[in-house]
Amino acid sequence: MPGIPTLLRTSIAAKLVLGYGLLGIASIAAVSLVFYSGTIGVIDQNIDGKITAQTERLLDNVAEGGRTSLKAEVQRLLSDGVDSDREIFQILDADGTPLAGNLGSWPSVADAPDMVTSEVLRKGRRAPARLYLRPLVQGGTLIVGRDLSEEEAVREVIWRALAAGACVSLMLTVAGALLFRRTIEARLGEIRRTAAQIEAGDLSPRIPVTGNDEFALLNRDINRMLDRIELLMEGIRHVSNAIAHDLRTPLSRIRGRLDDALRHEMTVPRLSTAAHDAIDDIDDLIRLFERLLQIAEAESGMRGRLFERLDLGRVVADIGEMYEAIAEDSDIKLTVDAPDSLYVDGDRNLLASAVASLLDNAIKYAGPGSTIRVRAGLHHGDASISVHDNGPGIPDGERDKVTQRFYRLDKSRHMPGNGLGLSIVSATATSHGGRLVLEDGAPGLVARIVLPLAPTG
């Protein structure tokens with residue numbers, strides 16, 4: 001079992017428990033001090049006030065009669081039966097000889113201050129007393145005081161109550177601190193166990209989320225991060241498999257053509273044709289890798305620092321103008337509706353490339369005689385770029401899959417392409433804080449890029 005110093009160095013829960021315990025002890029001490037000052041302190045002040053007032057009243061009553069009257073008044077006060085069991089009176093001569101009173105012993109008059117707490121002998125027993133030593137004009141000293149036996153009993157009861165309360169509070173503080181530590185370790189243990197499972201290679205576990213406290217919020221954030229990591233890892237595995245599968249065919253085709261050229265008579269025309277075919281196939285592979293790099297760049301967010309304030313309508317109008325001739329050559333009617341003053345923060349090149357990819361797909365799959373409408377505007381309070389064609393569209397069950405890399409519908413596999421166009425568009429929208437939405441155009445397909453509007457002001 002680790003020692004306390006080691007535990008404090010290695011466990012934040014132990015540090016919190018220690019801090020919580022020290023804070024509790026300090027709070028108990030402060031409350032006890034305030035309570036003691038508010039009880040015993042007030043009692044002491046009241047006793048001093050009563051003794052001083054009684055002394056002044058006694059001297060005022062005998063001011064004209066001198067020491068003889070003072071002795072008679074002291075004797076009267078001691079015999080009147082009013083609080084006489086606690087009152088103390090003593091008259092001393094100038095040489096310290098007792099003249100009247102009820103004390104058998106008293107503190108030194110020469111060395112004592114005016115008000116003193118001392119143990120005295122009274123009625124044959126020793127008792128604590130509070131005494132006021134007042135010099136007399138005619139010489140000698142008048143001692144007026146009060147027996148503190150009852151006050152000491154009250155003081156002892158208060159101390160015992162404070163000690164008992166402190167012990168109970170300390171035990172509750174320790175119990176609460178240990179419970180606090182156990183709760184923290186249990187919540188952290190859930191995170192550590194999930195992390196250990198993920199470290200072992202299983203990306204599916206998630207941290208349980210209970211309540212709505214700080215740990216619950218942290219667990220939700222971690223779970224979202226794990227969902228994103230799992231999605232990216234699945235994407236990497238899918239891409240790896242797809243690349244291996246898609247590269248095999250063009251590489252085999254390049255090798256076959258070159259091998260065929262070497263097996264036959266190596267004439268200049270034959271070798272030239274084989275070289276040109278190989279270069280075309282290699283260019284296709286280069287374009288494939290460029291598109292993969294484009295997706296990776298968009299998903300990484302590296303170009304986020306290049307974002308600038310853009311008029312999205314202007315971007316859409318420029319791309320639409322570029323594709324008018326292509327659409328006309330393909331016997332497709334292209335209309336563009338792009339009003340000005342639709343501002344977003346983004347990368348102009350990435351967004352232009354995304355719009356171009358949507359138009360490429362629409363022209364490719366809608367077919368001759370179709371109509372394509374490109375529009376920039378507002379969609380439920382966000383900026384939107386929509387490309388709507390009246391072609392065959394995408395079946396409902398396939399729309400969530402077509403944004404996966406290398407995924408292609410069965411009916412489109414005979415057409416040129418590699419299944420990366422919509423993946424690039426989706427990654428671009430996500431990197432701008434937006435999303436790609438595919439909707440039924442009835443007929444055709446509506447591909448919509450939704451982006452947050454640029455903040456005003």
T428 and S353, any side-chain heavy atoms less than 4.5 Å apart: no

Any donor-acceptor pair under 3.5 Å from D337 side chain to R373 backbone: no

side-chain contact (heavy atoms from CB on, under 4.5 Å) evaluation trace for M225 with R228: CA-CA 5 Å; M225 178 187 69; R228 179 63 175 166; 5.7 Å; no

Atom pair CG (L133) and CE (M115), whose distance is rounded to the nearest 0.5 Å: 8.5 Å

For A376 against P339, the heavy-atom pair lying closest together: O-CD, 3.0 Å

Cationic N near anionic O, under 4.0 Å, R187 to E214: no

Verdict with reasoning, R224 to D227, per salt bridge (Lys or Arg N to Asp or Glu O under 4.0 Å): CA-CA 5 Å; R224 282 196 295 267; D227 291 339; over 6 Å; no

Enclosure of E328 CD (heavy-atom neighbours >12, cutoff 6.0 Å): no

Residues, nucleotides or ligands: over 12 heavy atoms within 6.0 Å of R220 CZ: yes

Modelled atom types, side-chain donor and acceptor of D360 and Y323, under 3.5 Å: yes

Test item: L188 and F215 side chains (from C-beta on) under 4.5 Å apart, heavy atoms: yes

N390 side-chain N/O to T371 backbone N/O, donor-acceptor pair under 3.5 Å: yes

Any I385 side-chain heavy atom under 4.5 Å of L351 side chain: no

Exceeds 12 heavy-atom contacts within 6.0 angstrom, atom CZ of R255: no

T194 side chain to E190 backbone, donor-acceptor under 3.5 Å: yes

Residues which pass side-chain hydrogen bond (donor to acceptor under 3.5 Å, both in side chains) with N46, listed by chain and number, not counting sequence neighbours: none

Separation of L217 CG from I222 CD1 (nearest 0.5 Å): 11.0 Å

Pairwise ring-ring contact (aromatic ring centres under 6.0 Å, His included) hits with a residue in residues 422-452, at least two apart: F307-H432

Non-hydrogen side-chain atoms of V387 and N361 separated by less than 4.5 Å: no

Over all atoms of both residues, closest heavy-atom pair of I332 and G367: CG1-O, 3.5 Å

Any side-chain heavy-atom pair of L226 and N223 under 4.5 Å: yes

Minimum-distance pair of heavy atoms, taken over all atoms of P107 and V120: CD-CG1, 4.5 Å

Minimum heavy-atom distance between A383 and L312, given as atom pair plus value: CB-CD2, 4.0 Å

Contact check, side chains of E56 and R134, non-hydrogen atoms, under 4.5 Å: yes

Exercise: identify the closest heavy-atom pair between S384 and L342: O-CD2, 4.4 Å

I143 side, atom CD1; I51 side, atom CD1 - distance, nearest 0.5 Å: 11.5 Å

Within 6.0 angstrom of E321 CD, more than 12 heavy atoms from elsewhere: no

Donor-acceptor contacts, no H, no angles, side chain residues 195-204, under 3.5 Å, sequence neighbours left out:
from, atom 1, to, atom 2, distance (Å)
D202, OD1, S204, N, 3.1
D202, OD1, S204, OG, 2.7
D202, OD2, S204, OG, 3.4

D311 side-chain N/O to Y343 backbone N/O, donor-acceptor pair under 3.5 Å: no

Atom of P208, atom of N219 and distance for their closest heavy-atom approach: O-ND2, 3.3 Å

Presence of salt bridge, R155 and D44, under 4.0 angstrom: yes

Close side-chain approach of L378 to L453, heavy-atom, < 4.5 Å: yes

H388 side chain near R375 side chain, heavy-atom distance below 4.5 Å: no

From CZ (R146) to CD (Q54), nearest 0.5 Å: 7.5 Å

